[in-house]
Amino acid sequence: MSYYRKLLEEAGALLQGHFLLTSGMHSDRYVEKIRILENPKLLAPFVKRMIELSPETDWFVGPTLGGAIIAYELARATGKKCAFAERNEDGEGRSLKRDFGITGMDKIVVVDDVLTTGLSVVETCTAIKKGKILAIVVLVDRSMEPLDIDIPIKSVVRYPTRIYYPDECYLCMNKIKLTKRGGSGRWQDLRI
């Protein structure tokens, strides 16, 4: 077991159960990244490793919320700049809404907390209209399949996790309570 995976386990960030993911998919494992993001001292070794995995860059850009926190910490540690991609009002895609000063000559690393389907990082990459994206670097890569994107992806922890469509979920078929970790940080039980 890697040093970083051990840190995740000790922080209580690796959960077992029946979870509804942001994508609408289900999983029997969940990464509660807030256990790392809420503690700057615990986040520090992950930030250090993400810097080692990143090519030389001008900007770190992440999707809200976890990716934005990580982008800020990476920028603070390296003296570079950070930006974040917010969800559009219609819920479709993301945009860099704050008029960040990214230029056509800037080098960019897209960062995020947990990669599962890749939707957040793909939307973030799409939102970046100027500069050159050199890499995607994530805290935890849960994906089972390679992301169909022509940008190198690196992760601090590789934690492949199966995800299921709700109508094909063995946990639902076995009537195991579905749970969603919400932004409020509380468990929310959902009916099957």
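For the numbers below, each heavy atom of this structure counts, side chains included, while hydrogens, waters and symmetry mates do not.
A side-chain contact (heavy atoms from CB on, under 4.5 Å) with Val110 is found for exactly one of Ile153, Thr57, Val121, Val138, namely Val121. If you run side-chain contact (heavy atoms from CB on, under 4.5 Å) between Phe46 and each of Val140, Leu37, Leu74, Leu139, only Leu139 comes through.
Pro55 has its side chain within reach of Val109: a pair of non-hydrogen atoms, C-beta onward, lies under 4.5 Å apart. Looking at heavy atoms from C-beta onward, Leu8 lies in side-chain contact with Val157 at the 4.5 angstrom threshold. Between Leu96 and Val61, the closest side-chain pair of non-hydrogen atoms falls below 4.5 Å. Counting only heavy atoms from C-beta outward, the side chains of Cys125 and Arg94 never approach each other to under 4.5 Å. When side chains are defined from C-beta on, Cys82 does not count as touching Phe100, because their heavy atoms never get closer than 4.5 Å. For the pair Pro63/Asp112, a side-chain contact is recorded, criterion being any heavy-atom separation below 4.5 Å from C-beta on.
Tyr159 pairs by the ring-ring contact (aromatic ring centres under 6.0 Å, His included) definition with nothing, not counting sequence neighbours. Scored by the ring-ring contact (aromatic ring centres under 6.0 Å, His included) test, Tyr164 finds Tyr170 as partners (sequence neighbours excluded).
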- Message: Go through it in stages, so that I can follow the logic: the residues are Lys80 and Glu56, the test is side chain to side chain contact (heavy atoms under 4.5 Å, CB included), and I'd like the CA-CA distance, side-chain angles, deciding distance and then a yes or no.
- Response: CA-CA 10 Å; Lys80 303 301 180 181; Glu56 182 61 35; 3.0 Å; yes
- Any chance you could lay out the side chain to side chain contact (heavy atoms under 4.5 Å, CB included) test for Leu115 and Leu147, step after step, and finish with the verdict? CA-CA 10 Å; Leu115 175 81; Leu147 194 58; 4.2 Å; yes
- Step by step, would you call Glu9 with Lys6 a salt bridge (charged side-chain N to carboxylate O under 4.0 Å, His left out)? CA-CA 5 Å; Glu9 286 188 354; Lys6 187 171 189 241; over 6 Å; no
- Message: Determine whether Leu21 and Ile163 satisfy the following criterion, side chain to side chain contact (heavy atoms under 4.5 Å, CB included), listing intermediate values before the conclusion.
- Response: CA-CA 9 Å; Leu21 306 176; Ile163 58 174; 3.5 Å; yes
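To the nearest 0.5 Å, atom OG of residue Ser54 and atom CD1 of residue Ile136 are 11.5 Å apart. Atom-to-atom distance recorded for Lys132:NZ and Asp58:CG is 13.0 Å, nearest 0.5 angstrom. Ile34 CD1 to Leu65 CG: the interatomic distance, rounded to the nearest 0.5 Å, is 7.0 Å. Atom CD of residue Glu32 and atom CG of residue Leu14 lie 10.5 Å apart, to the nearest 0.5 angstrom. Atoms OH and NZ, from Tyr4 and Lys48 in turn, are 6.5 Å apart once rounded to the nearest 0.5 Å. Note: Glu73 CD to Thr78 OG1 = 10.5 Å, rounded to the nearest 0.5 Å.
In summary, the aromatic rings of Tyr72 and Phe84 are positioned with their centroids too far apart to meet the 6.0 Å limit.
Across all their heavy atoms, Asp113 and Ile70 have their closest contact at CA-CD1, 3.6 Å. For the residue pair Ser95 and Asn88, the shortest heavy atom distance occurs at OG-OD1, 2.5 Å. In terms of heavy-atom proximity, Ser27 sits nearest to Arg162 at OG-O, 3.2 Å. Listed here is the closest heavy atom pair of Leu20 and Lys180: O-CG, 4.0 Å. Counting all heavy atoms, side chain and backbone alike, Ala77 lies closest to Val47 at CB-CG1, 4.2 Å. Across all their heavy atoms, Phe60 and Ala71 have their closest contact at O-CB, 3.6 Å.
A donor-acceptor pair is defined here as one N or O able to donate and one able to accept, closer than 3.5 Å; no such pair exists between the side chain of His18 and the backbone of Asp28. Between the side chain of Ser2 and the backbone N or O of Arg5, at least one donor-acceptor pair lies under 3.5 Å. Proximity of a side-chain donor or acceptor of Arg142 to a complementary backbone N or O of Pro160 within less than 3.5 Å is not detected. Looking only at distances, a side-chain donor or acceptor of Asn39 sits under 3.5 Å from a matching main-chain atom of Lys41. Side-chain atoms of Asp106 come within 3.5 Å of backbone N or O of Thr103 as a donor-acceptor pair.
Within 6.0 Å of NZ in Lys154 there are more than 12 heavy atoms belonging to other residues, nucleotides or ligands. Environment of CG in Asp99: sparse, with no more than 12 heavy atoms of neighbouring residues, nucleotides or ligands closer than 6.0 Å.
In the hydrophobic cluster analysis, where Ile, Leu, Val, Met, Phe, Trp and Tyr join through side-chain heavy atoms closer than 4.5 angstrom, Val156 is grouped together with Ile51. In terms of hydrophobic clustering, with Ile, Leu, Val, Met, Phe, Trp and Tyr side chains grouped at heavy-atom distances under 4.5 Å, Met105 and Leu134 are assigned to different clusters. Val114 is connected to Val111 through a chain of hydrophobic side-chain contacts under 4.5 Å among Ile, Leu, Val, Met, Phe, Trp and Tyr, so both are in one cluster. Follow the hydrophobic side-chain contacts under 4.5 Å out from Ile149 and you reach Ile108 in the same cluster. Cluster annotation: Leu7 and Met50 are assigned to the same hydrophobic cluster (Ile/Leu/Val/Met/Phe/Trp/Tyr, side-chain heavy-atom contacts under 4.5 Å, transitive).
The existence of a salt bridge linking Arg87 and Glu92 is excluded, since no basic side-chain nitrogen approaches an acidic carboxylate oxygen closer than 4.0 Å. Classification of Glu89 and Lys97 as a salt-bridged pair holds, one side-chain N sitting under 4.0 Å from a carboxylate O. Comment: Lys33 does not engage Glu38 in a salt bridge, judged by the lack of any side-chain N to carboxylate O separation of less than 4.0 angstrom. Using a 4.0 Å cut-off between a side-chain N of Lys or Arg and a carboxylate O of Asp or Glu, Glu52 and Arg49 qualify as a salt bridge.
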